[in-house]
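Note that the structure is a prediction, hence the values are computed from the model and not measured.
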Amino acid sequence: DAVYNKSLGAAYRTGAWIALQYSPVTKAFLYRAGDPSTTPNSPIEINGNYTGLFYGDSTGTYKPAAYAFKLWSKVVNGYSTLLTTSSFSESREVWYLAAKNSQGEIGILITNISKKDVQYSISFDNGTSTESYRITYFQVDNTDNGETVHSFANNTMTIPAETVQLVILTPKPSIEAKFNKDTYDLSDELIFSVEVDNVSSNIDLYVAIVLEDGTFFTIGDSFILSELNELVPFLTDVSESKSINIFDVEITEDIAAGEY
């Protein structure tokens, strides 16, 4: 019908699933089979049985609720630590759940059962800014199946009417370049290193020498200097927090004295 076969059914069912996470219920069961004699283009019958997650056609076409179910699965399998203590807005038209995984990534499942778009924001009790995260989201509605990665335009977060979203906050990598000393004398050891932290996915690391006019050289693997303004990675596929020595040299008379 107009509810179970459309995104509104996905929104309602997601709200119910979120509420169950804050209840003492041990197990809940949802009829997932295809509805008999239905297709995405079949006429709406008020008294028909349309409670399944799939249509009754030969391919078992997904309804929006089935795609929403896949977002629930992403939360369960990818984010084990529940963060939020409440689950709905004051109007009870927007329901939400936030959870975190061991890599520090946060997943927020949101459903809007109202007939109007709703803007929202994300905040942390400890004062952490969302600027520390890369924010993407998946969405289920009557045209989006929840498998496309989206970004919010101008950081304005909106959930359309009768829609489900899974918002992903991925910590931005923290990269700090440093020398072991501020000043050096002859025979001192000069160490230039980079500390990489909060790596939740593979990244490439670039090391550049920038000249006064803004042009640059990058240092590649085996300390090979690039052509002018050429981007060559120093390391590729860095997947964990680590300290990386870029160079470690002894100060000799061959190095001109001065301020660098």
Electrostatic pair Lys6:Glu162 at N-O distance under 4.0 angstrom: no

Backbone N/O of Ser73 and side chain of Asn77: donor-acceptor pair under 3.5 Å: yes

Under 3.5 Å donor-acceptor, Gln165 side chain and Asn112 backbone: no

N/O donor-acceptor pair under 3.5 Å between Thr14 side chain and Ala10 backbone: yes

Side-chain ion pair, Lys178 and Glu195, N-O less than 4.0 Å: yes

Pairing of Glu147 and Lys70 as salt bridge, 4.0 angstrom limit: yes

Lys/Arg N to Asp/Glu carboxylate O, Lys116 vs Glu93, below 4.0 Å: yes

Considering all heavy atoms, the nearest Val232-Tyr206 contact: O-CD2, 3.5 Å

Pro64 backbone acceptor or donor facing Asn145 side chain under 3.5 Å: no

Centroid-centroid under 6.0 Å between Tyr22 and Phe88 rings: no

Under 3.5 Å donor-acceptor, Thr163 side chain and Ala161 backbone: yes

Expected output: side-chain Lys172 to main-chain Glu131 donor-acceptor under 3.5 Å: yes

Donor-acceptor contact below 3.5 Å, side chain Ser193 vs main chain Asn245: no

Residue pairs fulfilling salt bridge (Lys or Arg N to Asp or Glu O under 4.0 Å) with at least one residue in residues 212-224, sequence neighbours excluded: none

Phe152 and Tyr137 aromatic ring geometry - parallel, tilted or perpendicular at 30°/60° bounds: parallel

Side chain Asp117, main chain Ile159, donor-acceptor under 3.5 Å: no

Geometric class of the Tyr62/Phe54 ring pair [parallel <30°, tilted 30-60°, perpendicular >60°]: perpendicular

